[in-house]
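So the structure is just underneath, and the comments pick up after that.
First the proteins, then the strands, lettered A, B, ... as listed; each starts at 1. Values in this document were obtained by computation on a predicted structure and should not be read as measured data.
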Number of protein chains: 2
Amino acid sequence: MENKTLSQIEETFILHWGQMGVQWGINRTVAQVHALLYLSEEALNAEQICEILNVARSNVSTSLKELQGWGIVKKVARMGDKRDHFESLHDVWELARIILNERKKREIDPTREVLQQLASAAESDADTSADTAKRLKEMANFLDVSTTWFDRMNRMPPAALKAFIKLGGPGKSP
Amino acid sequence: MENKTLSQIEETFILHWGQMGVQWGINRTVAQVHALLYLSEEALNAEQICEILNVARSNVSTSLKELQGWGIVKKVARMGDKRDHFESLHDVWELARIILNERKKREIDPTREVLQQLASAAESDADTSADTAKRLKEMANFLDVSTTWFDRMNRMPPAALKAFIKLGGPGKSP
DNA sequence: CGGTAATTTCTGTATATTCAGAAATATGGA
DNA sequence: TCCATATTTCTGAATATACAGAAATTACCG
């Protein structure tokens, strides 16, 4: 089991991706593991990932679990090897679609529900000003409209979505 | 200077917004200050914000500065009052547009540049596999296409954007 | 110009989060 | 069943974040 080393370029990408992740509220190691698997042509096992990234085995385990939970990394079996191997989705469009959708499901949707409840409760709440009630309603409505739009985009076949974005949506500007 | 207290509903919203912020890599206090100002009909001064949110004065100062840097909170002067007062943009669409655009400018654009450099360097780098080079290029290209699309959306007049989203973009599904 | 109040920046400390390694558990084959 | 290896859970240490108060700066008014 030889230690496959990274080129300077690969290393830079992985480190940058990790930084990026942190800014978006994603654990650095999770982002790095993902970056590594994204670049890697063949599936890697947990041990290899530790060695390449120089992070603790436990972190890799947790990160892989997280990435699998998002559906962007999958286990693959290898003949004659008991250990699990992991590979990432390699289609960037599909990756983006899944990541955005997962974050929406986990973070936006619950917020939307809370806001809807608050907005409707605020209407008849003596302690809450009509003005606050209005703003809550506007925010709730905004989330509603924009998530509905997102869902629609999300349901498009990948190729169609890609074409739509490339075309520029509403009609291209000069 | 009396301590304006929050209704239960307002408090819940502000706390939730703070949580939400953290998940997206935004300082909790920053998000809470924003939530408070978003709800508030009249502009508040820093002192009031401290009292209402129970956070340190210095944190409020830093948070306000940050929010002003994003362009979603503005100072307003009040007759006969030396202290600065602050108010948030109240148009949710405009808010979303500005926030997304700022994050793009600060986080995506630099990443895109790095990736473009890495991708082109990878092509002629002996240490980097052709496969890696391909993936870097795909990622760089994806960021390019999607940010170009975003910029185009962003340049639409607010009303047109709103209408476009509400309509459903690519054509509505059954 | 001075004095006063508001505001921001700085600094040490407290708190919370994240991490790596160790120990415990689970899994698969002989 | 036993052994080897993979995986997860636990725990102290490292790191990052939030805080309060002090010091410095700025703005305002007489």
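Atoms CZ (A:Arg83) and C1' (C:dA26) sit 17 Å apart, rounded to a whole Å. The distance from atom CD of A:Gln48 to atom P of D:dT7 is 12 Å, rounded to the nearest whole Å. Distance CD (B:Gln19) to P (C:dA16): 14 Å, rounded to an integer number of Å. Residue B:Gln23 contributes atom CD, which lies 15 Å from atom C1' of C:dT17 at whole-angstrom precision. Here the C1' atom of nucleotide C:dT7 and the CG atom of B:Leu44 are 17 Å apart, to the nearest Å. In this entry the distance linking CD of A:Glu47 with C1' of D:dA6 reads 9 Å, nearest Å. If you measure from atom CG of A:Asp84 to atom P of C:dA26, you get 17 Å, rounded to the nearest angstrom. Atom-to-atom, CG of A:Asp81 to C1' of D:dA6 comes out at 11 Å; the value is rounded to the nearest Å.
Looking at A:Ile49 and A:Leu64, their side chains come closer than 4.5 Å, going by heavy atoms from C-beta outward. Put simply, the side chain of A:Leu6 reaches to within 4.5 Å of the side chain of A:Leu36, judged on heavy atoms.
Comparing D:dT7, D:dA6, C:dA5 by their nearest atom to the side chain of A:Ala46 picks out D:dT7. Of the candidate nucleotides D:dA20, D:dT5, D:dC28, D:dC28 has the atom lying nearest to any side-chain atom of B:Lys82.
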Can you give me the N/O atom pairs linking the protein to nucleotides 15-18 of chain D at distances under 3.5 Å, or say none if there are none?
{"unit_1": "D:dA18", "atom_1": "OP1", "unit_2": "B:Asn27", "atom_2": "ND2", "d": "3.3"}
{"unit_1": "D:dA18", "atom_1": "OP2", "unit_2": "B:Asn27", "atom_2": "ND2", "d": "2.6"}

Close N or O pairs between protein and nucleotides 8-11 of chain D (under 3.5 Å):
{"unit_1": "D:dT8", "atom_1": "OP2", "unit_2": "A:Ser61", "atom_2": "OG", "d": "2.6"}

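For A:Leu15, the side-chain contact (heavy atoms from CB on, under 4.5 Å) test picks out A:Glu11, A:Gln32, with sequence neighbours left out.
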### Task
Please test A:Leu95 against A:His34 for side chain to side chain contact (heavy atoms under 4.5 Å, CB included), starting from the C-alpha separation and ending with a verdict.
CA-CA 11 Å; A:Leu95 265 177; A:His34 170 250; 3.7 Å; yes

### Derivation of the side chain to side chain contact (heavy atoms under 4.5 Å, CB included) call for A:Gln19 and B:Thr111
CA-CA 10 Å; A:Gln19 294 277 100; B:Thr111 295; over 6 Å; no

### Task
Decide yes or no on salt bridge (Lys or Arg N to Asp or Glu O under 4.0 Å) for A:Asp131 and A:Arg135, but give the supporting numbers first.
CA-CA 6 Å; A:Asp131 193 66; A:Arg135 297 209 204 290; 3.0 Å; yes

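The aromatic rings of A:Tyr38 and A:Phe13 are tilted relative to each other, their planes meeting at an angle between 30° and 60°.
No more than 12 heavy atoms of other residues, nucleotides or ligands sit less than 6.0 Å from atom CD of A:Glu41. Other residues, nucleotides and ligands place no more than 12 heavy atoms under 6.0 Å from the NZ atom of B:Lys137.
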